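Encoded as structure tokens, the structure appears first; notes follow it.
We number each residue from 1, following the sequence as shown. Please read these numbers as outputs of a predicted model, since none were measured by experiment. Both ligands and their constituent atoms are indexed starting at 1 by order of listing.
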Amino acid sequence: MTQDAILRIKNAIGGGKVLTDRKSLLEASIDNSRYSFLPDAVVKAESGDDISKALKIANEEKIFVCPRGAGSGCCGAALPVFKGIVLDLSAINFIEIDPTSWTAHVGAGAINSDIDKTAAKYGLMYPPDPSSKNYSTIGGNIACNAGGLRAAKYGVTRDYVAAITAYIADGSKMELSRPLRKFAVGMNLKDLFIGSEGSLGVIAEAHLKLIKRPPFKQTTLAAFLYDNAAFECVQKILQANIMPSVLEFMDAQSVAAAAKFKGKNMEKSAMLLIELDGEKEEVKSSQNSLEKILSTLSSGFETADDAEPLWELRRCCSSAMFLLNNSKLNQDIVLPIPKTVEFFDYFKDLGSESGLQTPTFGHAADGNYHIHFMYDGSDAKQKQKAFLAMQKAVEKTVELGGAISGEHGVGITKSKYMNLQISDAEFCVMKKIKNALDPNGILNPQLRYTSQVDISKYAQNKDIKLPWDKR
Ligand SMILES: Cc1cc2nc3c(=O)[nH]c(=O)nc-3n(C[C@H](O)[C@H](O)[C@H](O)COP(=O)(O)OP(=O)(O)OC[C@H]3O[C@@H](n4cnc5c(N)ncnc54)[C@H](O)[C@@H]3O)c2cc1C
């Protein structure tokens with residue numbers, strides 16, 4: 001039946017867009033969660049029409065479809081766990097700026113940083129900037145409601161999506177909202193699609209809101225003898241009414257791994273990377289206040305107008321942690337900011353008790369931390385310890401009033417924690433919405449609405465190099 005469906009899709013949209021060779025299947029089998037499941041075929045859509053036709057056939061034949069952008073997702077949300085088709089949207093890649101209405105009309109496959117670079121030509125900015133900005137697509141960003149480094153000051157993807165063109169499972173086209181300043185017509189289906197991880201429909205195009213580009217910015221890298229001193233500093237900065245555009249935390253383990261990755265010699269220390277932006281006078285004034293705080297709490301800091309060299313360590317944290325061990329178990333929790341130290345005291349104790357390294361980094365101004373337990377994938381006991389410790393860490397997060405995901409979504413790696421956060425009544429509503437839009441359950445069946453996947457049974461694939469793995 002699957003082969004019949006694939007043949008029908010080939011006939012409908014053109015054989016060259018339907019790939020079944022080993023290399024294409026392998027590339028579409030994996031994302032940044034590093035789990036890997038081979039699909040039956042990859043369909044490379046080049047237009048809304050291709051999406052519509054492929055979905056219509058898949059729905060009639062009841063074949064699973066996993067929409068995919070760049071595969072930089074961290075929790076396996078795009079993975080064809082139960083086989084079927086990977087619907088690759090990366091080729092729908094266009095960017096048109098409207099400098100009058102301050103919007104960008106983009107294809108689902110447009111790369112995040114390309115949108116911002118194009119907006120910059122008009123003195124405008126697209127603020128959401130996940131660390132994967134040079135790779136991840138806007139379709140994936142919308143599907144995950146991606147955050148980024150500037151989220152505390154500027155907000156997340158949801159805050160900048162004016163309208164979406166999407167296709168639901170039976171191939172019907174949906175125009176969700178319009179690129180207008182105001183829109184008050186009917187239910188807000190647009191926001192239902194944002195963050196639904198491709199489980200409600202396939203995004204083909206979007207209109208994004210842009211803002212005026214801040215004319216000036218200044219970047220500071222500060223070191224701390226202890227992780228807790230850095231957390232205290234974050235609180236002092238926010239209490240002083242300074243809202244940095246970037247306030248990134250790296251714990252001592254992440255800094256050590258990143259320094260080794262870059263071949264640098266560094267003292268063991270935690271770090272904060274702080275960027276202030278805005279009008280020059282405003283930035284200078286905030287910088288003065290910031291430096292007073294840093295003089296008291298940090299063990300040293302440097303400031304630069306050219307930020308790039310200061311970003312070096314932060315940019316490689318994700319890849320560098322594999323120097324600590326060959327496998328990672330990670331979450332992107334959100335904490336109420338006043339509870340940060342309480343959580344990390346508990347978390348680091350979990351690391352010591354389990355004997356596992358726990359590199360942590362993240363977006364400190366919005367309490368969103370990427371926590372990890374590193375383990376040897378060939379050691380079943382270590383792996384079990386990592387999973388048990390992570391369960392406790394996630395339970396603690398929810399107990400303290402936090403969230404199990406701030407920006408990566410749920411995917412297959414967090415579905416088992418959903419019941420800690422979401423009530424039965426809420427679940428029931430989510431399932432009804434899913435059933436209304438995708439009654440045959442063809443879209444991303446691996447996600448939480450229809451099934452759960454026990455990832456502890458699977459091994460991560462380290463052999464496939466992903467584009468962001470390079471040094
Ligand atoms: C080094 C690194 C750093 C990262 N830093 C951040 C960060 O700072 N902030 C952050 O939020 N995330 C971050 N991420 C995670 C990831 O980049 C984001 O989740 C991103 O939004 C995924 O985009 P993608 O195009 O790669 O989507 P994919 O990984 O291909 O897919 C992710 C999800 O979106 C769905 N999807 C993709 N395209 C569509 C579409 N057109 N229509 C419907 N559904 C679709 C998929 O089915 C899947 O559920 C990082 C990842 C890496 C590797």
Checklist line | Side chains of Tyr154 and Ile211 in contact at under 4.5 Å (non-hydrogen atoms) | finding: yes
Notebook entry, point to check: Which protein non-hydrogen atom lies closest to atom 8 (O) of ligand 1, naming both residue and atom, and how far is it?
Noted result: Ser131 N, 2.9 Å
Next item on the list: State yes or no: are the ring centers of His372 and Phe361 separated by less than 6.0 Å?
Entry: yes
Margin query: side-chain hydrogen bond (donor to acceptor under 3.5 Å, both in side chains) for Ser47 and Asp49? Distances and angles first, verdict last.
Written below: CA-CA 5 Å; Ser47 64; Asp49 199 42; 5.1 Å; no
Note to self: For a quick check under 3.5 Å, do His370 and Gln331 share a side-chain donor-acceptor pair by atom type?
What the structure shows: no
Notebook entry, point to check: Near Ala108, which atoms of ligand 1 are under 4.0 Å from a heavy atom of that residue?
Noted result: 41 (N)
Notebook entry, point to check: Among Lys133, Glu407, His408, which one has a heavy atom closest to atom 9 (N) of ligand 1?
Noted result: Glu407
Note to self: For Asn444, which part has a heavy atom under 4.0 Å from ligand 1: side chain, backbone, both, or neither?
What the structure shows: side chain
Margin query: Is a donor from one side chain sitting under 3.5 angstrom from an acceptor on the other, for Asp376 and Asn326?
Written below: yes
Notebook entry, point to check: What atoms in ligand 1 come closer than 4.0 Å to a heavy atom of Gly139?
Noted result: 38 (N), 39 (C), 41 (N)
Notebook entry, point to check: Are any of the N/O atoms in His370 less than 3.5 Å from those in ligand 1?
Noted result: no
Item checked: Polar contact flag for Gly69 and ligand 1 (N/O pairs, less than 3.5 Å) -> yes
Item checked: atom 31 (O) of ligand 1 [closest protein heavy-atom partner, distance rounded to 0.1 Å] -> Ala78 CB, 3.8 Å
Margin query: Given Asp50, which partner from the list Lys17, Lys10, Lys44 fulfils the salt bridge (charged side-chain N to carboxylate O under 4.0 Å, His left out) test?
Written below: Lys17
Next item on the list: Check ligand 1 against Val202 and write out every atom of the ligand that is under 4.0 Å from a heavy-atom position of the residue.
Entry: 42 (N), 43 (C)
Check: Does any N/O atom on Asp129 come nearer than 3.5 Å to any N/O atom on ligand 1?
Finding: no
Next item on the list: Pull out every atom of ligand 1 sitting under 4.0 Å from any heavy atom of His363, numbered as shown with elements.
Entry: 8 (O)
Checklist line | More than 12 heavy atoms from other groups under 6.0 Å of NZ on Lys56 | finding: no
Checklist line | Heavy-atom nearest neighbour in the protein, as seen from atom 46 (C) of ligand 1, with distance rounded to 0.1 Å | finding: Pro67 O, 3.1 Å
Next item on the list: Would you mind listing which atoms of ligand 1 come within a distance below 4.0 Å of any non-hydrogen atom of Trp468?
Entry: 53 (C)
Next item on the list: Grab the two heavy atoms, one from Asp332 and one from His408, that are nearest each other, plus how far apart they are.
Entry: OD2-N, 3.1 Å
Check: So do Phe301 and Leu221 actually touch side chain to side chain, heavy atoms under 4.5 Å?
Finding: no
Notebook entry, point to check: For ligand 1, is there an N or O atom under 3.5 Å from any N or O atom of Gly147?
Noted result: yes
Checklist line | Heavy-atom nearest neighbour in the protein, as seen from atom 25 (O) of ligand 1, with distance rounded to 0.1 Å | finding: Thr137 OG1, 2.7 Å
Notebook entry, point to check: In the protein, what heavy atom is nearest to atom 41 (N) of ligand 1, and what distance, to one decimal place, separates them?
Noted result: Ile203 O, 3.0 Å
Check: Are Asp116 and Ser113 linked by a side-chain donor-acceptor pair shorter than 3.5 Å?
Finding: no
Checklist line | Protein heavy atom at shortest distance from atom 45 (C) of ligand 1 | finding: Ala143 CB, 3.6 Å
Notebook entry, point to check: Going by an N to O cut-off under 4.0 Å, is there a salt bridge joining Arg150 and Glu275?
Noted result: no
Checklist line | Sub-4.0 Å heavy-atom contact, Cys66 with ligand 1 | finding: no
Margin query: Determine whether Asn32 and Ser72 satisfy the following criterion, side-chain hydrogen bond (donor to acceptor under 3.5 Å, both in side chains), listing intermediate values before the conclusion.
Written below: CA-CA 5 Å; Asn32 196 47; Ser72 70; over 6 Å; no
Notebook entry, point to check: Please state which protein non-hydrogen atom is closest to atom 24 (P) of ligand 1 and give its distance, to 0.1 Å?
Noted result: Ala70 N, 3.5 Å
Notebook entry, point to check: Heavy atom of Gly201 under 4.0 Å from ligand 1?
Noted result: yes
Margin query: Heavy atom to atom 49 (O) of ligand 1, shortest distance: which of Arg315, Glu197, Arg68, Arg150 holds it?
Written below: Glu197
Next item on the list: List the atom of Ala258, the atom of Leu313, and the distance in Å for their closest heavy-atom pair.
Entry: CB-O, 3.6 Å
Margin query: I need the atoms of ligand 1 closer than 4.0 Å to a non-hydrogen atom of Ala146, numbered in the order shown.
Written below: 11 (O), 21 (O)
Margin query: I want to know if ligand 1 touches Ser72 in the polar sense, i.e. an N/O pair below 3.5 angstrom.
Written below: yes
Next item on the list: Please name the residue in the list Lys217, Lys153, Lys212 that meets the salt bridge (charged side-chain N to carboxylate O under 4.0 Å, His left out) test with Asp277.
Entry: Lys153
Next item on the list: Could you pull out, from Gly198, Cys144, Gly140, Cys316, the option with a heavy atom nearest to atom 33 (C) of ligand 1?
Entry: Cys144
Next item on the list: Go through ligand 1 atom by atom and flag the ones less than 4.0 Å from a non-hydrogen atom of Asn32.
Entry: 52 (C), 53 (C)
Next item on the list: Specify the protein heavy atom at minimum distance from atom 29 (O) of ligand 1: its residue, its atom name, and the distance to 0.1 Å.
Entry: Gly73 N, 2.7 Å
Check: Closer than 4.0 angstrom: is that true for some heavy atom of Asn141 and an atom of ligand 1?
Finding: yes
Checklist line | Lys339, NZ: over 12 other non-hydrogen atoms inside 6.0 angstrom | finding: no
Notebook entry, point to check: Does Phe249 have its ring centroid less than 6.0 Å away from the ring centroid of His363?
Noted result: no
